[in-house]
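The structure displayed is predicted, hence computed values, not measured ones.
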Amino acid sequence: MSKYESDFIANLIYYRELRGYTQSVLAGLCDRTKGNIGVIESGKSAPSFEMILKIADALEIHPADLFLRNASQSREEVRKFFDEELSPKMKEMVEKRFPEAEKTYD
């Protein structure tokens, strides 16, 4: 499986779950069966161009978003940056600006 295929699958699952859709719901929005979505997400079948457009439309995203990168990985990188670097700096700034609030901040 190529990087583009694995990114497509990861993005499809990511955006589907982001919308709160099950495979059945997405399939219904695309006029397909749950099995059709399942085989695409498992990498056992490649979607047609028409199906890619239907999926993107159902997920309310641009079709290119399904291919550009692994969106879930990017989200994890942002979360890691926030947790490890930004959050401690923000806490430090608040403690310097409002020293009396230090005891109630945590």
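- Counting heavy-atom neighbours within 6.0 Å of Met1 CE, excluding the residue itself, gives a total above 12.
- Listed by chain and number, the residues in a side chain to side chain donor-acceptor pair (under 3.5 Å) with Lys96 are Glu92 (sequence neighbours excluded).
- Interatomic distance, Phe8 CZ to Leu66 CG, rounded to the nearest 0.5 Å: 5.0 Å.
- Evaluation of the salt bridge (charged side-chain N to carboxylate O under 4.0 Å, His left out) rule for Lys89 yields no partner, not counting sequence neighbours.
- Applying the side-chain hydrogen bond (donor to acceptor under 3.5 Å, both in side chains) rule to pairs touching residues 26-38 yields Thr33-Asn36, sequence neighbours excluded.
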Would you mind writing out the side-chain donor-acceptor pairs for residues 47-64 within the sub-3.5 Å range, not counting sequence neighbours?
{"from": "Ser48", "atom 1": "OG", "to": "Met51", "atom 2": "N", "distance (Å)": "3.0"}
{"from": "Glu60", "atom 1": "OE1", "to": "Arg19", "atom 2": "NH2", "distance (Å)": "3.4"}
{"from": "His62", "atom 1": "ND1", "to": "Ala64", "atom 2": "N", "distance (Å)": "3.0"}

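- Here the straight-line distance linking atom NZ of Lys3 with atom CZ of Phe67 works out to 13.5 Å at 0.5 Å rounding.
- For Ser42, the side chain to side chain donor-acceptor pair (under 3.5 Å) test picks out no residue, with sequence neighbours left out.
- To the nearest 0.5 Å, the span separating CD1 on Ile13 from CD on Glu41 amounts to 4.5 Å.
- To the nearest 0.5 Å, atom CG of residue Asp65 and atom CG of residue Leu12 are 12.5 Å apart.
- Applying the side chain to side chain donor-acceptor pair (under 3.5 Å) test to Glu17 and every residue at least two apart in sequence or in another chain returns nothing.
- The number of heavy atoms from other shown groups lying within 6.0 Å of OH (Tyr4) does not exceed 12.
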